[in-house]
Amino acid sequence: MNQVSLKARQRTDTGKQVAKSLRRDGALPAVVYGSGESSTPLTLDYREFEGFLRKTRGESVVINLEIEGMEDKKALLRDIQRDYLRNQLLHADFQQIRMSDRITTEVSLVMIGEPIGVTRDGGVLDQSLRVVEISCVASEIPEHLEVDISELSMGDTIHISDLSFENVEIVTDGEVAVVSVLTPMAEEPEEEEVDLEQEEPEIIGQAREDGEEEDGTEDEQED
């Protein structure tokens with residue numbers, strides 16, 4: 001289990017205007033709740049939290065919140081609010097935990113190996129699930145779960161019910177597909193270009209061969 005530390009400060013002022021002011025000053029509003037305690041509004045260093053996200057890259061980690069003037073709190077990151085249009089972080093939510101608590105959380109699935117259905121048979125690997133919900137003791141939270149896919153043949157699929165991990169109970173529905181080796185789609189044959197000779201249109205009134213005149217010539221008029 002991976003653990004990281006984040007520095008934080010407790011704050012008393014809340015609200016949208018306060019949050020905007022904090023972000024302008026290079027801080028990120030946050031809150032920690034749980035373990036039977038009232039929620040505590042926090043302020044994080046914006047750049048430090050960005051670095052934490054880049055470092056963990058979605059891995060499940062226990063965070064040691066070092067709150068100025070308070071006792072450290074063990075927590076999990078539960079939610080991040082973002083402004084995707086401005087590419088800006090808005091708020092972070094943490095759940096305080098005790099290391100002996102049994103909790104439910106999400107962890108990433110990492111595929112290990114190269115399927116024989118791909119390397120030998122030319123199939124296409126399709127990973128349809130990248131995150132799985134688990135239940136375990138907080139001290140046993142894995143950074144991620146590894147799935148060996150090296151024996152997958154063409155047409156094979158691994159479902160949640162096929163997976164088992166030590167000290168971890170999978171909560172996600174067992175019927176959910178995780179990864180498959182699919183038959184590649186056949187390429188459509190290219191259409192042959194047909195070179196059609198364009199016939200010249202017949203000119204109305206043109207004399208036919210052998211001296212024949214076109215039908216419908218006018219008779220001579222009498223004086």
Check your understanding: Taking C-beta and beyond as the side chain, do Leu53 and Leu89 meet within less than 4.5 Å on heavy atoms?
Key -> yes
Review point. Does the side-chain contact (heavy atoms from CB on, under 4.5 Å) test come out yes or no for Thr157 and Asp162, once each step is laid out?
Key: CA-CA 10 Å; Thr157 297; Asp162 300 318; over 6 Å; no
Point to revise | Shortest non-hydrogen contact between Ala177 and Leu129, atoms and distance | key: O-CB, 3.7 Å
Review point. Heavy atoms, side chains only, cut-off 4.5 Å: are Asp101 and Val137 in contact?
Key: no
Exercise for review: Decide yes or no for Leu109 and Val131: does some side-chain heavy atom of the first lie under 4.5 Å from some side-chain heavy atom of the second?
Suggested key: no
Practice item. Would you confirm whether Ser161, through its side chain, and Glu175, through its main-chain N or O, come within 3.5 Å as a donor-acceptor pair? Key: no
Point to revise | Gap separating the CZ atom of Arg57 from the CD atom of Glu143, nearest 0.5 angstrom | key: 13.5 Å
Review point. Can Leu163 be reached from Leu152 by stepping across I, L, V, M, F, W or Y side chains whose heavy atoms are under 4.5 Å apart?
Key: yes
**Study point:** Joint hydrophobic cluster, Val4 plus Phe49, side-chain heavy atoms closer than 4.5 Å
**Key:** yes
Check your understanding: Do you know the tightest heavy-atom contact between Glu48 and Asp45?
Key -> N-OD1, 2.8 Å
Determine all donor-acceptor pairs shorter than 3.5 Å in which one atom belongs to a side chain in residues 17-25; sequence neighbours excluded.
from	atom 1	to	atom 2	distance (Å)
Arg23	NH1	Leu90	O	2.9

**Study point:** Exercise: identify the closest heavy-atom pair between Pro41 and Ser39
**Key:** CD-O, 3.8 Å
Check your understanding: For residues Arg102 and Ser135, is any side-chain donor paired with an opposing acceptor at under 3.5 Å?
Key -> yes
Enumerate, atom names and distances included, each donor-acceptor pair closer than 3.5 Å involving a side-chain atom of residues 73-84, sequence neighbours excluded.
from	atom 1	to	atom 2	distance (Å)
Lys73	NZ	Glu37	OE1	2.9
Lys74	NZ	Gln3	OE1	3.0
Arg78	NE	Gln95	OE1	2.5
Arg78	NH1	Thr104	O	3.3
Arg78	NH1	Thr105	OG1	3.4
Arg78	NH2	Gln95	OE1	2.8
Arg78	NH2	Thr104	O	2.8
Asp83	OD1	Leu85	N	3.1
Asp83	OD1	Arg86	N	3.2

Revision key, fill the gap. Distance col, row Ile97:CD1 vs Ile103:CD1, nearest 0.5 angstrom, shows 4.5 Å
Exercise for review: Output the distance between atom CD1 (Ile170) and atom SG (Cys136), rounded to the nearest 0.5 Å.
Suggested key: 11.0 Å
Review point. Does a side-chain heavy-atom distance below 4.5 Å link Leu6 with Asn64?
Key: no
Review point. Counting distance only, does the side-chain N/O of Arg9 pair as donor-acceptor with the main-chain N or O of Glu68 below 3.5 Å?
Key: no
Exercise for review: For side-chain contact (heavy atoms from CB on, under 4.5 Å), just list the numbers for Val61 and Phe52, CA-CA rounded to whole Å, side-chain angles, deciding distance to a tenth of an Å, and then say yes or no.
Suggested key: CA-CA 11 Å; Val61 296; Phe52 158 77; 3.9 Å; yes
Review point. Hey, is CD on Glu114 packed in by over 12 heavy atoms from elsewhere, all under 6.0 Å?
Key: no
Exercise for review: Answer whether the closest heavy-atom distance between the side chains of Val124 and Val181 falls below 4.5 Å.
Suggested key: no
Practice item. Verify the cluster assignment for Val171 and Val132: are they in a single hydrophobic cluster under the rule of side-chain heavy atoms below 4.5 Å apart? Key: no
**Study point:** Atom of Ala27, atom of Tyr46 and distance for their closest heavy-atom approach
**Key:** O-CD1, 3.9 Å
Practice item. Drop me the distance from His91's NE2 to Leu28's CG, to the nearest 0.5 angstrom. Key: 7.5 Å
Revision key, fill the gap. Output for pair (Phe94 CZ, Thr40 OG1), nearest 0.5 Å, gives 12.5 Å
Check your understanding: Side chains of Ile149 and Leu125: closer than 4.5 Å at any heavy-atom pair?
Key -> yes
Exercise for review: Report yes or no: do Val179 and Met154 belong to one cluster of Ile/Leu/Val/Met/Phe/Trp/Tyr joined by side chain heavy-atom distances under 4.5 Å?
Suggested key: yes
Exercise for review: Check the hydrophobic clustering (I, L, V, M, F, W, Y; side-chain heavy atoms under 4.5 Å; chains of links allowed) and say if Ile160 and Val147 are grouped together.
Suggested key: yes
Exercise for review: State, with a plain yes or no, whether a side-chain heavy atom of His144 is found less than 4.5 Å away from one of Val107.
Suggested key: no
Practice item. Check Val62 against Ala138 and note the closest heavy-atom contact, atom names and distance. Key: CG2-O, 4.1 Å
Check your understanding: Of all heavy-atom pairs between Lys7 and Leu44, which one has the smallest distance, and what is that distance?
Key -> O-CD2, 3.6 Å
Check your understanding: How many angstroms lie between CG in Asp93 and OH in Tyr33, if you round to the nearest 0.5 Å?
Key -> 5.5 Å
Check your understanding: Would you say the side chain of Leu42 lies within less than 4.5 Å of the side chain of Ile67, judging by non-hydrogen atoms?
Key -> yes
Check your understanding: Between Asp121 (side chain) and Val118 (backbone), is there a donor-acceptor pair under 3.5 Å?
Key -> no
